[in-house]
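What's counted below: heavy atoms across the whole structure, side chains too, no hydrogens, waters or symmetry copies.
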Amino acid sequence: MFYHFLWNGKGDKIKRKVMINEPENGGLKMIDLCSFNKSLKTTRVKKYLDTTNHGKWKFLFDLELENYGRNLIFRGNLNVSDIKKEVRATDPFLKKYWNIGQK
């Protein structure tokens, strides 16, 4: 969306990797949206694992992860190939980043 706006709906004129650089390096210090999105998801997991955080939103995570051992999926040292064999995911987050859900 940002790049679409920046280039007025036409193709990128400068590589996105260059755009996220500092101005001294020829960039515009633009946000790397992929890294930003991943950091938000990582922060969500970190807050979920925090035992001092008693937010009501954690109940939704517990319900979704109940079939997978709740927070064990984040605390364990699981191999992705083992997860693919054992877990049938419906959550888009798990499907996208672990490429699981198909047995």
Side-chain angles (χ1 to χ4, degrees):
M1 185 167 102
F2 293 121
Y3 297 103
H4 183 79
F5 170 77
L6 185 65
W7 302 120
N8 204 17
K10 299 174 183 158
D12 293 0
K13 303 204 182 343
I14 300 173
K15 290 183 180 181
R16 293 181 183 194
K17 293 279 185 188
V18 174
M19 297 293 294
I20 62 175
N21 278 333
E22 296 293 324
E24 306 86 60
N25 299 327
L28 292 177
K29 199 175 178 182
M30 199 160 190
I31 295 173
D32 183 1
L33 296 175
C34 186
S35 296
F36 183 72
N37 191 23
K38 286 180 182 180
S39 69
L40 287 176
K41 290 178 181 181
T42 303
T43 303
R44 188 182 326 159
V45 171
K46 184 178 174 185
K47 288 180 181 181
Y48 173 72
L49 294 174
D50 183 8
T51 56
T52 60
N53 186 340
H54 301 291
K56 293 179 182 178
W57 61 272
K58 288 177 81 170
F59 179 71
L60 297 174
F61 268 71
D62 284 337
L63 285 176
E64 187 66 33
L65 296 173
E66 191 170 315
N67 295 334
Y68 314 117
R70 296 200 181 189
N71 66 5
L72 180 64
I73 198 165
F74 296 115
R75 294 191 183 278
N77 187 9
L78 302 175
N79 189 343
V80 174
S81 62
D82 294 336
I83 294 172
K84 287 181 182 180
K85 292 177 194 171
E86 300 297 325
V87 175
R88 186 167 189 92
T90 57
D91 187 325
F93 176 79
L94 295 176
K95 282 184 178 180
K96 181 176 179 183
Y97 288 99
W98 289 341
N99 196 21
I100 61 175
Q102 304 82 19
K103 283 198 172 188

To the nearest 0.5 Å, how far apart are [atom1] in [X] and [atom2] in [Y]?
X   : Y   : atom1 : atom2 : answer
L28 : M19 : CG    : CE    : 4.0 Å
I20 : F36 : CD1   : CZ    : 14.0 Å
N21 : K29 : CG    : NZ    : 11.5 Å
W57 : K47 : CH2   : NZ    : 7.5 Å
R44 : S39 : CZ    : OG    : 11.0 Å

Discussion item. Less than 3.5 Å apart, any donor N or O on the side chain of Y48 or D62 sitting next to an acceptor on the other?
Written reply: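 Judged by distance alone, the side chains do pair up.
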Worksheet item: Short question: side chain of N53, backbone of G55 - any donor-acceptor pair under 3.5 Å?
Response: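 It does hold such a pair.
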Item to complete: Is it possible for you to say whether L60 and V45 belong to one hydrophobic cluster, with membership spreading through side-chain heavy-atom contacts below 4.5 Å?
Response: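 Each belongs to a different hydrophobic cluster.
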Discussion item. How close do K58 and D50 get, counting heavy atoms only, and between which atoms?
Written reply: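 Reported closest heavy-atom pair: NZ-O, 2.8 Å.
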Practice prompt. Run through the side-chain heavy atoms of Ile, Leu, Val, Met, Phe, Trp and Tyr, join any pair under 4.5 Å, and report what else lands in L63's cluster.
Written response: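 Reading the cluster by chain and number, L63 sits alongside F59.
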